[in-house]
There are 2 protein chains.
Amino acid sequence: MSDLLQRLRDRGWRLTAQRRVVAEVLDGEHVHYTADEVHARATEKLPEISRATVYNTLGELVSIGEVIEVSTDGRAKRYDPNAHHSHQHLVCSRCGVIRDVRPSGDPLALLPERERYGFTLDEATVTYRGLCPSCASA
Amino acid sequence: MSDLLQRLRDRGWRLTAQRRVVAEVLDGEHVHYTADEVHARATEKLPEISRATVYNTLGELVSIGEVIEVSTDGRAKRYDPNAHHSHQHLVCSRCGVIRDVRPSGDPLALLPERERYGFTLDEATVTYRGLCPSCASA
DNA sequence: ATCCTACATTGGACATTGTCTAAGTCAAGA
DNA sequence: TCTTGACTTAGACAATGTCCAATGTAGGAT
């Protein structure tokens with residue numbers, strides 16, 4: 001059993017076939033599926049799983065901090081299981097491929113006091129955009 | 001006539017009443033309306049303007065670089081007319097208010113070479129999140 | 001000033017993404 | 001094994017965005 005499933009059990013989650021399948025689909029590096037993509041892949045393993053369950057499960061995983069919601073293009077949200085290592089995203093402007101990246105400093109530190117307008121800052125999310133090697137050479 | 005309308009005319013745009021009204025709605029500082037909000041405000045001045053025209057005009061303004069598309073919450077996109085001064089966004093996690101802010105350095109510089117995966121970088125967009133003064137004190 | 005016509009607008013159908021509900025199902029503790 | 005409350009399901013509904021054929025009009029041409 002994956003660490004994720006163990007953590008879910010520790011939180012009192014009922015481990016249904018549907019939740020197992022969603023967790024399996026989200027296992028891996030540089031995974032950034034939309035809800036529909038998760039549903040499509042989940043359906044391959046469990047044909048009767050419903051869209052609503054996929055949305056529910058993704059929402060729950062996000063709310064407990066196991067998965068991060070990413071919206072790089074204003075279209076469908078994407079779900080990133082790499083929640084336990086702080087990171088940002090690098091996106092190809094042409095093909096849309098996404099890589100997790102780690103900036104060398106804290107992006108929050110770049111915002112001077114006079115530009116904070118009295119806000120209590122929490123986090124900064126950065127999206128780097130450019131062309132990936134294959135799009136750049138094409 | 002505003003500078004924006006003059007620039008549009010210089011590009012060969014037909015200056016219709018609808019385009020004038022959309023341009024007027026987008027005039028100002030810290031303006032970040034959704035398409036529907038633009039439509040609602042435009043309707044006050046020109047009741048017969050259609051949703052399609054608002055979407056068309058916003059899309060055109062974005063494609064010629066006069067307006068920036070911002071999606072801070074994964075819901076509707078917002079349209080920011082402050083396109084001629086590079087800036088980032090500061091968002092209240094509770095009430096959603098958005099301010100334009102200017103970081104002190106170039107966020108692109110924070111991404112080390114080994115984290116660029118061969119991409120040709122273009123830009124970095126940063127969203128700072130926290131609580132605004134009134135939400136923090138409530 | 002009037003006419004022409006290519007470009008712009010309109011209303012509504014359609015597409016995509018996400019949310020909600022009522023009824024049925026099942027995991028896991030007793 | 002039984003029971004029960006949590007979970008899942010199908011499908012309706014909501015929010016946002018796109019597309020198209022019919023109609024209208026800005027601005028150059030006359």
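Chain A is the first sequence line, chain B the second, and so forth, proteins listed ahead of strands; every chain is numbered from 1. In this text the structure is predicted, and so the values were computed from the model without any measurement.
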> Identify whether the distance between the nearest side-chain nitrogen and carboxylate oxygen of A:Glu123 and B:Arg129 falls below 4.0 Å.
yes

> From C-beta outward on A:Lys77, which listed nucleotide comes closest to its side chain: C:dG12, C:dG18, C:dA28?
C:dG18

> Before accepting this row, confirm whether a basic side-chain N of the pair B:Glu66/B:Arg7 lies closer than 4.0 Å to the acidic partner's carboxylate O.
yes

> Counting distance alone, no hydrogens or angles: does the base of D:dC7 have a donor or acceptor under 3.5 Å from a partner atom on the side chain of A:Arg19?
no

> In whole angstroms, how far is the P atom of D:dC7 from the CZ atom of A:Arg9?
14 Å

> Assess whether a salt bridge exists between A:Glu24 and A:Lys45, defined as any Lys/Arg side-chain N lying under 4.0 Å from an Asp/Glu carboxylate O.
yes

> Could you tell me whether the phosphate oxygens of D:dA6, OP1 or OP2, come under 4.0 Å of any side-chain nitrogen or oxygen in A:Thr16?
no

> Taking the minimum atom-to-atom distance to the side chain of A:Asn56, which one of C:dT10, D:dT16, D:dT9 wins?
D:dT9

> I need the CD-C1' distance between B:Gln18 and C:dG11, as an integer number of Å.
14 Å

> May I ask you to decide if B:Val54's main-chain N or O and B:Thr57's side chain share a donor-acceptor pair within less than 3.5 Å?
no

> Send over the distance from A:Asp73 CG to D:dT16 P, rounded to a whole Å.
17 Å

> Once you round it to whole Å, what is the distance between P of C:dA15 and CG of A:Asp36?
15 Å

> Which is true for B:Ala52 with a 4.0 Å heavy-atom rule: it touches a base, it touches only sugar-phosphate, or it touches nothing?
base

> Over how many whole Å does the gap from B:Leu58 atom CG to D:dT16 atom C1' extend?
13 Å

> Any idea which of D:dG5, C:dT10, D:dT9 is nearest the B:Thr53 side chain?
C:dT10

> Got A:Leu8 and A:Arg19 here, is their nearest side-chain heavy-atom distance under 4.5 Å?
no

> What is the distance, to the nearest angstrom, from the CG atom on A:Leu61 to the P atom on D:dC7?
12 Å

> Do A:Arg14 and D:dA6 have a side chain to base donor-acceptor pair shorter than 3.5 Å?
yes

> Just the rounded figure in Å: distance from C1' of C:dA8 to OH of B:Tyr55.
19 Å

> Whole Å only: how far is the CD atom of A:Glu69 from the P atom of C:dT17?
14 Å

> On the nucleotide D:dG17, are OP1 or OP2 found under 4.0 Å from the side-chain N or O atoms that B:Arg51 carries?
no

